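In what follows, a structure is listed as structure tokens, so that the remarks can point back to it.
The model shown is predicted, which means the values in this text are computed figures rather than measured ones.
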Amino acid sequence: MPPEPSASQKIAKLTPLDGVFRRLDALATPVAARRIALARAEHLVLAEDVRLAAASPARAIALQDGHAVSSKDITDAGPYTPVAAKTAWIEAGEALPDGFDAVLAPDAVNESGEVMEPAAPGDNVWPQAADGEKGSLLSQAGEQLRAIDIAVLESLGVKEVSVRVPKIALVAIRQDRQPMLSLFSRMIAASGGEAANAASLDAALDDESADAVIVLGGSGMGRNDKSVTALAGKGRVEIHGFALKPGETAALGAVGGTRKPRPVLIVPGRFDAALAVFAVMGLRLIAKLSGRTRYIVQMPITLSRKLASQVGIAEFVPLARTGKNEAEPVATGTLPLSALARSDGWLMVPAESEGYPEGSRVEMRFLP
């Protein structure tokens, strides 16, 4: 007769997501900040505000190649009334010499050096401090730095930033789950974390250099499912069983003592359930550890087809766009890989909802 699963792997009840969120938030406190070169900070989350060290630009600069002029000296200039005035050739991006406040096009001065058109103060000029005064806020703590943010900050003279980079120990219980583990690694990096693959479940749970652990597989009640039992032996299991479909067998706990616990998220081994739990809980875990203020990327969209859902359990539903502002559910319940491949985003259906009729306006969320 096959052995029964251990008591610690049995699920007594499914915990509503609000309850899981509260426990996860209590466990996942922001990691220590560190300063790094700005060039290495793409996708990372700022631990401190970034402010201008000095007014930028320090002086007014030319927006185009041409002649720097003093606008008050050429008010009467025209093609038939050229004015002899002081000018200076200037290249785009150069600071205006003292006494000049505008830039004219190259052909605005004739061969005799006379100005043939007027200018207003500031014409073709980027004013002093137009990008910001000293102390101006450029990027806020809690923001994730994008490629354009890096370029802008570099242009304004920023060399280093303070960031929080949570290290996430990753382990898959079965070797055939490596594609999913690789996906987790990429999404962790895109979310501002650092993924570190562990050699075994014990190694992942014992890794004191990690800030959190994500375990893929072994969360169910089968004879070979032992991840929750292992967590109970090395730390504590806070919740086993999420009211999330798919993903009901997921677990949350911690290792490392009560002073600085390392959160442990155990996701089911099945691809669709693993993705659902990671999208709903894993991304939140990384955001809390990094101090990120906004991590859910979503857009309003209209359902082009009815969506039915079971009351009492929240549901992760992949959506595929059917038009510019429309989308349809590609599957519900157990999600085939073909449906996930066709999806452009996903929808969280609350536990208290029976779903949505066709034409409903909902929020489609996106993975990193």
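Evaluation of the salt bridge (charged side-chain N to carboxylate O under 4.0 Å, His left out) rule for D344 yields no partner, not counting sequence neighbours. Partners of F271 according to the ring pair (Phe, Tyr, Trp, His ring centres under 6.0 Å) rule, which considers only residues two or more places apart in sequence or in another chain, do not exist here.
Within the 4.5 Å cutoff, side-chain heavy atoms of M348 are placed close to those of L244. Between S71 and D123 there is no side-chain heavy-atom pair separated by less than 4.5 Å. Counting only heavy atoms from C-beta outward, the side chains of L319 and R365 never approach each other to under 4.5 Å. For the pair T87 and L104, the minimum side-chain heavy-atom distance is 4.5 Å or more. Residues D65 and W89 form a side-chain contact, since some pair of their non-hydrogen atoms from C-beta on lies under 4.5 Å apart. Within the 4.5 Å cutoff, side-chain heavy atoms of V349 are placed close to those of Y356. Looking at heavy atoms from C-beta onward, E117 lies out of side-chain contact with V69 at the 4.5 angstrom threshold. No side-chain heavy atom of D73 sits under 4.5 Å from any side-chain heavy atom of V115.
Hydrophobic cluster membership differs between V297 and I148, with clusters built from Ile, Leu, Val, Met, Phe, Trp and Tyr side chains linked at under 4.5 angstrom. Hydrophobic clustering (side-chain heavy atoms under 4.5 Å, transitive across Ile, Leu, Val, Met, Phe, Trp, Tyr) keeps V228 apart from L170. Using a 4.5 Å cut-off between side-chain heavy atoms of Ile, Leu, Val, Met, Phe, Trp and Tyr, with links allowed through other members, F366 and V280 fall into different hydrophobic clusters. Residues L145 and Y295 do not share a hydrophobic cluster, clusters being chains of Ile/Leu/Val/Met/Phe/Trp/Tyr side chains in contact below 4.5 Å. Criterion: ILVMFWY side-chain heavy atoms under 4.5 Å apart, direct or through other members. Under it, M281 and F184 are part of a common hydrophobic cluster.
Within 6.0 Å of CD in E91 there are more than 12 heavy atoms belonging to other residues, nucleotides or ligands. With a 6.0 Å radius and a threshold of 12 heavy atoms from other residues, nucleotides or ligands, R361 has its CZ atom above the threshold. Enclosure of atom CG in D176 by more than 12 non-hydrogen atoms of other residues, nucleotides or ligands within 6.0 angstrom is indicated.
Panel note: side chain Q9, backbone M221; no donor-acceptor pair is recorded below 3.5 Å. S136 contributes no side-chain N or O that, together with a main-chain N or O of D131, makes up a donor-acceptor pair within less than 3.5 Å. With hydrogens and angles ignored, the 3.5 Å screen pairs a side-chain donor or acceptor of S227 with a backbone N or O of G217. Under the 3.5 Å distance criterion, the side-chain polar atoms of R321 are left unmatched by any main-chain donor or acceptor of G323. A donor-acceptor pair under 3.5 Å is absent between the side-chain atoms of E94 and the main chain of A62, judged by distance alone. Side-chain N or O atoms of H240 include one that pairs as donor or acceptor with a backbone N or O of T249 at under 3.5 Å. R262 places a side-chain N or O within 3.5 Å of a backbone atom of L205 that can act as its donor or acceptor partner. Counting only distance, with no hydrogens or angles, the side chain of N124 and the backbone of V103 share a donor-acceptor pair below 3.5 Å. Distance alone, capped at 3.5 Å, places no donor-acceptor pair between the Q298 side chain and the M364 backbone. Here the side chain of R164 pairs no donor or acceptor atom with the backbone of L289 at under 3.5 angstrom.
For the atom pair L283 CG and R292 CZ, the distance stands at 8.5 Å (nearest 0.5 Å). Rounding to the nearest 0.5 angstrom, the gap separating the NZ atom in K306 from the CD atom in E328 is 15.0 Å. Note that the CG atom of N197 and the CG atom of L181 stand 5.0 Å from one another [nearest 0.5 Å]. Atom CG of residue D272 and atom CE of residue M180 lie 9.0 Å apart, to the nearest 0.5 angstrom. Rounding to the nearest 0.5 angstrom, the gap separating the CD atom in Q64 from the NE2 atom in H67 is 10.0 Å. Interatomic distance, I301 CD1 to T322 OG1, rounded to the nearest 0.5 Å: 7.0 Å.
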> Can you check side chain to side chain contact (heavy atoms under 4.5 Å, CB included) on L27 and L252, steps first, answer last?
Replying inline: CA-CA 10 Å; L27 290 170; L252 175 69; 4.2 Å; yes
>> I'd like to know whether L183 forms a side chain to side chain contact (heavy atoms under 4.5 Å, CB included) with L275, so could you lay out the CA-CA distance, the side-chain angles of the two residues, the decisive distance to 0.1 Å, and finally the verdict.
In response: CA-CA 9 Å; L183 175 61; L275 181 62; 4.2 Å; yes
> Where do K260 and T29 land on the side chain to side chain contact (heavy atoms under 4.5 Å, CB included) test, with the steps shown first?
Replying inline: CA-CA 9 Å; K260 183 59 177 175; T29 56; 3.4 Å; yes
> Could you walk me through whether L367 and F278 pass the side chain to side chain contact (heavy atoms under 4.5 Å, CB included) check?
Replying inline: CA-CA 10 Å; L367 294 170; F278 188 87; 5.8 Å; no
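The two atoms that bring E363 and M299 nearest to each other are OE1-C, 3.3 Å, heavy atoms only. Across every non-hydrogen atom of L44 and G192, the tightest pair is CD2-O, 3.7 Å. Scanning all heavy atoms of the two residues, the minimum distance from I90 to A95 falls at CD1-O, 3.5 Å. The two residues A190 and Q144 come nearest to each other via the heavy atoms O-NE2, 2.8 Å. Annotation for A119 and A102: closest pair CB-CB, 4.0 Å, computed over non-hydrogen atoms. A pairwise comparison of heavy atoms in A230 and L201 identifies CB-CD2, 3.5 Å as the closest pair.
In this structure, R59 pairs ionically with D98, as a charged nitrogen and a carboxylate oxygen lie closer than 4.0 Å. Residues E238 and R22 are not paired through a salt bridge, judged by the lack of any N-O separation under 4.0 Å between the basic side chain and the carboxylate.
Only one option out of V277, V215, V213 pairs with L265 in a side-chain contact (heavy atoms from CB on, under 4.5 Å); it is V277.
S209 and K167 share a side-chain donor-acceptor pair at under 3.5 Å.
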